[in-house]
Amino acid sequence: MGLFTGRGRDCQGRRVPHLGWVLRPEQLLHPRPEGLYCPPGDFYVDPVRPVARAVITHGHADHARAGHGSVLATPETLDIMRVRYGEDFAGATEAAPYGQTAKRGGVEVSLVPAGHVLGSAQAVVRWKGLTMVVSGDYKRRRDPTCPAFEPVPCDVFVTEATFGLPVFRHPPDREEMDKLLTSIAQFPERAHLIGAYALGKAQRIIRLLREAGYDKPIHVHGALMRLNTLYQHHGIELGPLVPATDDASRKADFAGAVVVAPPSALADRWTRRFPDPVGCFASGWMRVRARARQRGVELPLIISDHADWDELTRTVDEIRPGEVWITHGREEALARWCELNGIKARALALVGYDDEED
Ligand SMILES: [Zn+2]
Ligand SMILES: [Zn+2]
């Protein structure tokens with residue numbers, strides 16, 4: 001094992017093509033109960049408990065929590081946290097737009113699009129020639145509500161694996177939207193109630209409906225209002241939206257209506273105000289029939305904000321990192337796939353990130 005002298009050269013001044021063996025990646029990032037910790041920069045990535053300094057990849061509640069001393073995130077993610085937790089969700093904030101580099105001790109941190117939800121980013125952490133990328137949650141297919149995932153060459157790629165099993169292959173969004181539009185046309189007297197996570201999925205579904213030519217007003221549950229407004233504020237055109245919680249409206253007014261609500265509302269008495277509602281749920285988990293049945297979903301829509309098996313393996317193959325670390329999800333199959341493809345893999349089994357999409 002050589003001594004490391006920095007700037008990508010060993011003690012004899014030779015260029016070291018891959019530094020993982022000289023400078024151990026664990027020196028730059030390693031798992032702690034609070035989350036992934038960076039000792040030289042003294043910060044955590046997506047900590048699940050309050051810490052002094054946090055770098056946050058995106059606004060979903062399992063990654064972005066309130067109560068940190070300081071938060072570095074994209075301006076969009078900071079806005080989302082303000083909407084969800086109030087102005088004083090952290091002691092201090094620093095906005096890092098995509099591609100801008102921030103310094104933490106001797107460590108460079110930059111945020112690069114992850115294609116997951118508005119503002120979602122991969123945290124690219126560089127130190128003494130070693131580059132580690134923490135993906136946060138991500139997907140590779142097109143999403144009209146956020147910029148696409150950008151692969152970054154790195155020594156260690158730290159990936160999620162929510163859908164890290166070969167059985168998880170999400171169909172094209174277009175197919176799922178066609179199912180929905182066909183059902184809407186088929187049942188003009190019923191209301192279509194779409195369960196969608198409040199951050200990201202709801203706005204993506206609305207946007208996909210608009211792209212498919214649906215231009216009528218879309219009814220939205222009150223719990224989605226503020227995030228919808230925030231998306232619109234960031235330039236995501238959602239078209240005409242009306243509240244679905246207006247007490248003056250009668251059941252018959254919702255015949256043929258499309259209503260978007262958080263998934264929890266689908267099991268609520270709230271649904272009784274709609275005429276013979278068709279329960280739809282937009283989630284990667286709708287691939288699993290038992291889950292759809294369990295939730296009483298009549299029309300499952302397999303639309304996910306997480307990479308499926310093909311997207312996960314394609315991404316690792318494209319980046320070809322020295323090592324892959326897997327934060328959460330179905331870790332074993334992806335780790336095995338990496339090993340079979342000559343890439344060292346490590347399952348971190350981080351606790352605190354939800355299996356669900358939000
Ligand atoms: Zn997420
Ligand atoms: Zn997550």
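Note that ligands are numbered from 1 as they come in the structure, with each ligand's atoms numbered from 1 the same way.
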Q | D137 OD2 and H116 NE2 subtending at the Zn ion (ligand 1) (10° steps) | A |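 My answer is 100°, to the nearest 10°.
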Q) So H63 and H58, would you call those rings parallel, tilted or perpendicular, with 30° and 60° as cut-offs? A) tilted
Q) By atom name, which N, O or S atom of H60 is the nearest to the Zn ion (ligand 1)? A)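 Output for this pair reads ND1.
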Q) Can you name the residues that form a side-chain hydrogen bond (donor to acceptor under 3.5 Å, both in side chains) with Y231, not counting sequence neighbours? A) none
Q) What residues form a side-chain contact (heavy atoms from CB on, under 4.5 Å) with D79, not counting sequence neighbours? A)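 Partners of D79 under the side-chain contact (heavy atoms from CB on, under 4.5 Å) test: R82, L230, H234.
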Q.
the Zn ion (ligand 2) and H63: any N/O/S contact shorter than 2.8 Å?
A. yes
Q) N/O/S atom of H58 under 2.8 Å from the Zn ion (ligand 1), yes or no? A) yes
Q. Can the ring centroids of Y197 and H60 be said to lie less than 6.0 angstrom from one another?
A.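 Y197 vs H60: aromatic centres not under 6.0 Å.
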